[in-house]
Novice: 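I have a structure I would like to understand better, so I am pasting it below and will then ask my questions one at a time.
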Amino acid sequence: MTTSQTNRHHTVLPYREDIDGLRALSIAGVVLFHAFPGALTGGFIGVDVFFVISGFLISSIILKKIQSDDFSLVDFYCKRIIRIFPALLSVLIAVYAAGWLTLYAQEFALVGKHIAAGASFVQNFVLLSESGYFDTASESKPLMHLWSLAIEEQFYLLYPLLLMIAWRMGGRFSMLIVGALLLSFAGNIHLTQTQANQAFYYPHARFWELLMGALVCLLLQRQTVIPSSIRQASSVSGLLLIIAGYAFINSGKAFPGWWALIPTVGASLIILAGPNTWTNRCILSHAAMQFMGRISYPLYLWHWPLLVFPAILYGGKLSPELRALLVALSVLLAWATYAWIEHPIRFSGRLRAKSLALLLTSVFIGFVGYNTYHRAGLTFRSVNKLNTAPQTASLRAAQPLTSPECGVAEHERSAFLMCHQDKHKPIRYVVWGDSKGEALYWGLTQKQNTHYGWRMVGDIACAPMKGAQRNTPDAENDPSRCARANPIALRSIISNPEVKVVLIGTAFRVLTRHNYIEATGKLTSDQAAWQGLSAALSELEAAGKKIIFAIDNPTLPDPSQCMPPRQTDFALLNRLLDRPLPDACTISYAQHLNETRAYRRHVAELQARHPNMLVYSPDHLLCDLSQGTCPVLKNGRFLYSYTDHLSDYGSGLIADEIMSLVESDNPTAGAP
């Protein structure tokens, strides 16, 4: 998310103070949404306003230069580098330095991955492979916000070339821009209805927003005389649309979709109204709005890492007072970045030499980030040696032993976010399930105590089933993904005679806290889910597969909330990081049984319908039954890795017993 800052002396465009004010309105919405989401539920649409502004300004510059035969593609990209890289690289370096000092290896590896993605402008694709924008996991990603910057730069890789082609074909800019806008908007509507995360992150589903700004540029080029009253109404209407979007749009809406028209049309109306309307002149051109508009880009870059890092380090929600202080600090850093880094670099000579130096620096920083990710967060750092227990809250240590295959055709692998198998052994065992099943899979793979290997096939929030489909959305996964994935997974398991054992691993909340539609089309609260699961088990049994059903583990807080205070080499920093641990880091066994009572009843009924199915409960390993408690740690090691998913340690404990069931013929072994 950035815009093309204009300046009276350094651009072909006349400076419009009201556009800086519109930037201020946009960044205020984004920052307030991130800092106080409950107070401004639709603040995230400020990014969509920025897209329109950026599309308008860039189009105005390019079209004017093309029409005067003064456009240089090399100079255009050099100016983009000069505009974008100074503030971006400053933030990436600061985030890396802060991570080096304070983050555990797994956390630092993720930061390294996102630094590489941010420096190469592919963060939107990386996030799409991980989770959704509104998922709680995004709160642990200090560079999550660079997705919008990536989309802009992906747009500007193509857009100038297309405009140059249109000019050589007779200057048919309107046909190109309107046609591309309509195609992109149609793609946005389709994806929003079918694949919400893709609609949010795919560039072609967002390009129409930048093209809205380009369309505004074309309309203003016509220099049509518009009555003052219409301009005034346009300005006021646009401002009211954006404010209404801030107030009434929320993360529960199917966004972008049709809802994105509210901020984009609002921004377009404000720009179309011109700088002389009362709203644009007296509100958007106010000195305070000008200041915020000038620092809007570095403010966008700084505010999210400043909000995320303390949340990671303190393991939970931040107080309103601390969040307000962090917002103030982000404004201060944004001003310093603009005044001391961005402005001096941008408005000095030697354009191509500076842009080349910045580009090489970006490549180097991206390489450092990738190297950090590839080397698992650089475990030799002091913070890892001083904090041993938190390192056990890790998962996927066995990933180097696996390959991204799961027994399905290559063109079908996109149906699964979890598709792994042992690369060194013949596959005889399969885990079919969601992310809870994947956590079990990593423990089984890590043990390496058999001549045969394991395979994982599944998707987030997708319980194995046949003839039933989840009807309610999930923060991480669209129901249509499950509807596509489950038949492929079932067919691949049944059709492979080498597969002898299938372990079913899925979260109890996926089965019990969603609505499902069964084959007959009847909507039920949970019966359809269990019927669909039973139908899938029947197919597996008919194919001669041995089935093990793993009871879900207890639900405890995210381990990040239960970490002891971090220790570093710096006494002052250690004092700042000191904090008490919450009581919720241990729950009672009775509470666990109470929360899962209905779920366990359904499992018992399922086992009665499938008496040859083995049911395994890990309670005796994950809870201290003599004390009646279920803790986060056992023997000084974390049983969980993220949210309530098992760690490598917890999964490894269970893997030993699962393997005994794999070889067992006792249908009641491990029964709850």
Side-chain angles (χ1 to χ4, degrees), residues 1-7 9-13 23 50-51 53-66 70-96 114-126 143 145-164 203 207 210 213-214 294-302 334 336-370:
M1 185 282 305
T2 183
T3 55
S4 299
Q5 179 83 13
T6 57
N7 183 281
H9 307 295
H10 298 273
T11 184
V12 297
L13 294 180
R23 286 196 185 98
F50 272 106
F51 282 157
I53 297 172
S54 183
F56 167 73
L57 292 174
I58 291 295
S59 297
S60 300
I61 293 171
I62 295 177
L63 290 177
K64 190 169 184 178
K65 281 186 168 288
I66 286 178
D70 189 34
F71 181 71
S72 166
L73 194 62
V74 173
D75 284 349
F76 170 79
Y77 289 130
C78 286
K79 288 178 181 178
R80 288 302 296 170
I81 290 172
I82 294 295
R83 171 69 182 105
I84 299 302
F85 282 40
L88 174 63
L89 298 183
S90 300
V91 172
L92 294 182
I93 292 170
V95 167
Y96 190 85
H114 287 182
I115 284 176
S120 54
F121 302 101
V122 293
Q123 181 72 312
N124 53 327
F125 294 114
V126 170
L143 297 173
H145 61 321
L146 298 186
W147 70 269
S148 58
L149 184 61
I151 285 178
E152 273 203 44
E153 299 318 305
Q154 290 158 15
F155 177 76
Y156 291 129
L157 283 176
L158 300 173
Y159 184 56
L161 296 171
L162 294 176
L163 290 180
M164 292 173 67
F207 282 173
L210 290 112
R294 283 193 295 272
I295 68 169
S296 59
Y297 172 50
L299 178 55
Y300 182 80
L301 294 177
W302 278 113
T337 304
Y338 172 78
W340 298 341
I341 299 176
E342 181 182 339
H343 195 272
I345 292 177
R346 188 173 172 210
F347 298 116
S348 59
R350 300 174 62 84
L351 172 66
R352 295 193 178 186
K354 288 186 304 184
S355 61
L356 179 59
L358 288 168
L359 181 61
L360 292 176
T361 303
S362 178
V363 171
F364 174 74
I365 292 173
F367 170 76
V368 170
Y370 175 78

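Numbers here are sequence positions counted from 1. It should be emphasised that the depicted structure is a prediction, and the values quoted were computed from it without experimental measurement.
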Novice: So which of Arg80, Lys65, Arg352 actually passes side-chain hydrogen bond (donor to acceptor under 3.5 Å, both in side chains) with Asp75?
Specialist: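 When Arg80, Lys65, Arg352 are each tested with Asp75, the side-chain hydrogen bond (donor to acceptor under 3.5 Å, both in side chains) holds only for Arg352.
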Novice: State whether a side-chain donor-acceptor pair under 3.5 Å links Tyr370 with Ser120.
Specialist: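 On atom types as modelled, these side chains do not qualify, holding no pair under 3.5 Å.
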Novice: Step by step, would you call Glu342 with Arg83 a side chain to side chain contact (heavy atoms under 4.5 Å, CB included)?
Specialist: CA-CA 8 Å; Glu342 181 182 339; Arg83 171 69 182 105; 2.5 Å; yes
Novice: I need the Ile84 CD1 to Glu153 CD distance, nearest 0.5 Å.
Specialist: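 One finds 4.5 Å between CD1 of Ile84 and CD of Glu153.
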Novice: What's the spacing between Tyr96 OH and Ile93 CD1 if we round to 0.5 Å?
Specialist: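 Atom-to-atom, Tyr96:OH and Ile93:CD1 are 11.5 Å apart.
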Novice: State the OG1-CG distance between Thr337 and Leu88, to the nearest 0.5 angstrom.
Specialist: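 Spacing of OG1 (Thr337) from CG (Leu88) equals 11.5 Å.
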Novice: Looking at CD1 of Ile151 and CG of Leu146, how far apart are the two atoms once the value is rounded to the nearest 0.5 Å?
Specialist: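 CG of Leu146 is found 12.0 Å from CD1 of Ile151.
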Novice: Are Phe56 and Ser60 side-chain neighbours, meaning at least one heavy-atom pair lies under 4.5 Å?
Specialist: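 Of all side-chain heavy-atom pairs linking Ser60 with Phe56, at least one is under 4.5 Å.
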Novice: I need the Leu360 CG to Leu356 CG distance, nearest 0.5 Å.
Specialist: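 The CG atom of Leu360 sits 4.5 Å away from the CG atom of Leu356.
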Novice: Return the minimal non-hydrogen interatomic distance between Pro86 and Ile81, and the atom names on each side.
Specialist: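 Shortest heavy-atom separation between Pro86 and Ile81 comes out as CD-O, 3.6 Å.
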Novice: Closest heavy-atom contact between Ile115 and Leu92?
Specialist: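 Looks like CD1-O, 3.8 Å.
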Novice: Do you know which two heavy atoms are closest between Ala116 and Gly369, and how far apart they sit?
Specialist: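 Between these two residues, the closest heavy atoms are CB-C, 4.2 Å.
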Novice: Evaluate the side-chain proximity of Ile345 to Leu358: yes if any heavy-atom separation is below 4.5 Å, no if none is.
Specialist: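 Answer yes - side chains close enough.
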Novice: Can you find a pair of side-chain heavy atoms, one from Asn124 and one from Gln154, that are under 4.5 Å apart?
Specialist: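 Asn124 vs Gln154: side chains touch.
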Novice: What pair of heavy atoms forms the shortest contact from Ala87 to Pro298, and how long is it?
Specialist: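 Shortest heavy-atom contact: CB-CB, 4.4 Å.
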Novice: Please examine the side chains of Tyr297 and Leu149, heavy atoms only from C-beta on, and report whether any two atoms are closer than 4.5 Å.
Specialist: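 Yes - at least one pair of side-chain heavy atoms lies under 4.5 Å apart.
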Novice: Compute the ring centroids of Phe85 and Phe121, then answer whether they are less than 6.0 Å apart.
Specialist: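 They qualify: ring centres under 6.0 Å apart.
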Novice: Would you mind telling me which of Tyr159, Tyr156, Phe155, Phe51 makes a ring pair (Phe, Tyr, Trp, His ring centres under 6.0 Å) with Phe207?
Specialist: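 When ring pair (Phe, Tyr, Trp, His ring centres under 6.0 Å) is applied between Phe207 and each of Tyr159, Tyr156, Phe155, Phe51, only Phe155 qualifies.
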Novice: For residues Ser355 and Ile82, report the shortest heavy-atom separation together with the two atoms involved.
Specialist: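 Minimum heavy-atom separation between Ser355 and Ile82: N-CD1, 3.8 Å.
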Novice: Distance from Leu57 atom CG to Leu210 atom CG, nearest 0.5 Å?
Specialist: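 It comes to 11.0 Å.
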Novice: Can any side-chain N or O of Tyr77 pair as donor or acceptor with the backbone N or O of Leu157 at less than 3.5 Å?
Specialist: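 Yes, Tyr77 side chain to Leu157 backbone: donor-acceptor pair under 3.5 Å.
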Novice: Going through the checks in order, is the side chain to side chain contact (heavy atoms under 4.5 Å, CB included) test met by Phe76 and Ile61?
Specialist: CA-CA 10 Å; Phe76 170 79; Ile61 293 171; 5.9 Å; no
Novice: If only atom types and distance count, is the side chain of Glu152 paired as donor or acceptor with the main-chain N or O of Ser54 below 3.5 Å?
Specialist: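 Not a single qualifying donor-acceptor pair exists.
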Novice: Which heavy atom of Cys78 sits nearest to which heavy atom of Leu351, and what is that distance?
Specialist: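 Looks like CB-CG, 3.9 Å.
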Novice: Does some side-chain heavy atom of His114 sit less than 4.5 Å from a side-chain heavy atom of Val126?
Specialist: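 A side-chain contact exists here, since the closest heavy-atom pair is under 4.5 Å.
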